[in-house]
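Please read the structure below before turning to the comments.
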Amino acid sequence: MTDHRLLRWLRPWVFPAALVGVFEWYARRASALGSDALAPPSAAARAFVGAAMDGSLWQATGFTLGTAALGLLLGALLGIALGVVLGLSRRAAQLGSMSIEVLRPVPSVALIPLAMLGFGFGVRMELAIVAFATFWPLLVLVQSAVQQVEPRLLEVSRVLGLSARERAFKIVLPAIVPRLFVALRLGVAVALVVAVTVEIAANPNGMGYAMMIAQQSFDPALMLAWLGWIGVVGFAVNAVMLQLQRMVSRRMGVQP
């Protein structure tokens, strides 16, 4: 039984390990032929340890995660609130549909020049762009989830004389918990991607900026180390959100 569990745990890692092995062989072969554009994963691992030891890894990671979290918080609060309103009110949804469909397709990175004019370089600019990017998917998914709430629940809330605020907190939000966490998991992924992108393009802080510095310093091993670490951080954050979703759903008696 123990061997079976170990095999089941190891099975998902077979393909990634094979890819790392192939890339190690290819990078070493390219280096032997005189190319310095690629670094083998073993060199990236050593560069990663160096960045962890000198503290730059944790400082940049903390900045990116903190900024992404704050931007997601702003976008989520606005997106969830407006999504509930549009989901409950057909008239409000009709009035806002044109504005949403015009603004939603605007790429968040296209706002970097405008945000730089308004907020300058630094945290506020990145927060504004992350909040904008996460606002739209949360708005659309929450609105859709609210519109699919069992109509009889809303009828009962009206019969009981619940206010709009009480209806939202006591009926609607508990009913959309599983879909709400799906929206939040999507928002987390968007927030991290946009935060790193902004740091690469315009903000001299965080993991994206550190990767750009490694590229400009012709240090492919460190650049690959940062790239791999960003993937690990994204995987870990998604795993935490999934666990939180399951925990909250169990406490509310809802199957995730």
Side-chain angles (χ1 to χ4, degrees), residues 65-108 110-111 115 118 124 126-195 234 237-256:
L65 288 179
T67 308
L70 287 175
L72 174 62
L73 178 62
L74 292 174
L77 290 176
L78 295 173
I80 292 172
L82 188 56
V84 171
V85 171
L86 297 182
L88 290 175
S89 173
R90 184 174 299 178
R91 180 175 298 179
Q94 291 174 346
L95 289 174
S97 62
M98 178 62 70
S99 300
I100 292 172
E101 294 306 318
V102 169
L103 294 174
R104 186 168 60 88
V106 175
S108 56
L111 295 179
R124 291 193 302 166
E126 191 169 333
L127 281 177
I129 296 173
V130 171
F132 178 87
T134 55
F135 170 78
W136 300 108
L138 284 161
L139 168 64
V140 172
L141 290 174
V142 170
Q143 180 184 355
S144 176
V146 172
Q147 289 172 341
Q148 296 178 36
V149 171
E150 176 60 48
R152 285 176 294 184
L153 292 176
L154 299 177
E155 292 174 7
V156 170
S157 68
R158 294 189 186 97
V159 171
L160 294 175
L162 297 181
S163 65
R165 181 177 178 275
E166 291 174 329
R167 195 181 311 146
F169 281 95
K170 294 182 178 181
I171 302 295
V172 174
L173 288 178
I176 66 171
V177 163
R179 292 174 183 166
L180 179 59
F181 269 95
V182 171
L184 287 174
R185 285 173 59 198
L186 176 62
V188 166
V190 171
L192 184 60
V193 168
V194 172
V237 170
N238 181 71
V240 170
M241 286 298 299
L242 185 58
Q243 188 63 31
L244 182 61
Q245 175 185 350
R246 291 171 177 167
M247 182 181 68
V248 173
S249 296
R250 281 197 301 266
R251 289 180 63 88
M252 299 187 66
V254 179
Q255 290 296 324

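Residue numbers count from 1 along this sequence. Keep in mind it's a predicted model, so treat the numbers as computed, not measured.
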What pair of heavy atoms forms the shortest contact from [X] to [Y], and how long is it?
| X | Y | result |
| --- | --- | --- |
| Val194 | Ala133 | CG2-CB, 3.6 Å |
| Leu111 | Val106 | CD2-CG1, 4.5 Å |
| Val130 | Ala191 | CG1-CB, 3.8 Å |
| Ala76 | Leu184 | CB-CD2, 4.2 Å |
| Gln147 | Gly87 | CG-O, 3.7 Å |
| Thr134 | Gly75 | OG1-CA, 3.6 Å |

Identify, with sequence neighbours excluded, every residue that meets side chain to side chain contact (heavy atoms under 4.5 Å, CB included) alongside [X].
| X | answer |
| --- | --- |
| Ala131 | Leu74 |
| Leu141 | Ala183, Leu186 |
| Arg90 | Gln94 |
| Leu139 | Leu82, Leu86, Ile100, Phe135, Trp136 |

For Arg104, which residues count as a salt bridge (charged side-chain N to carboxylate O under 4.0 Å, His left out) partner, sequence neighbours excluded?
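Salt bridge (charged side-chain N to carboxylate O under 4.0 Å, His left out) list for Arg104, sorted by chain: Glu101.
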If you measure from [atom1] on [X] to [atom2] on [Y], what distance do you get to the nearest 0.5 Å?
| X | Y | atom1 | atom2 | answer |
| --- | --- | --- | --- | --- |
| Leu73 | Leu78 | CG | CG | 9.5 Å |
| Leu70 | Arg124 | CG | CZ | 14.0 Å |
| Thr67 | Leu72 | OG1 | CG | 12.0 Å |

Just wondering, do Val240 and Val188 contact through their side chains at under 4.5 Å, heavy atoms?
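Sidechains of Val240 and Val188: no contact.
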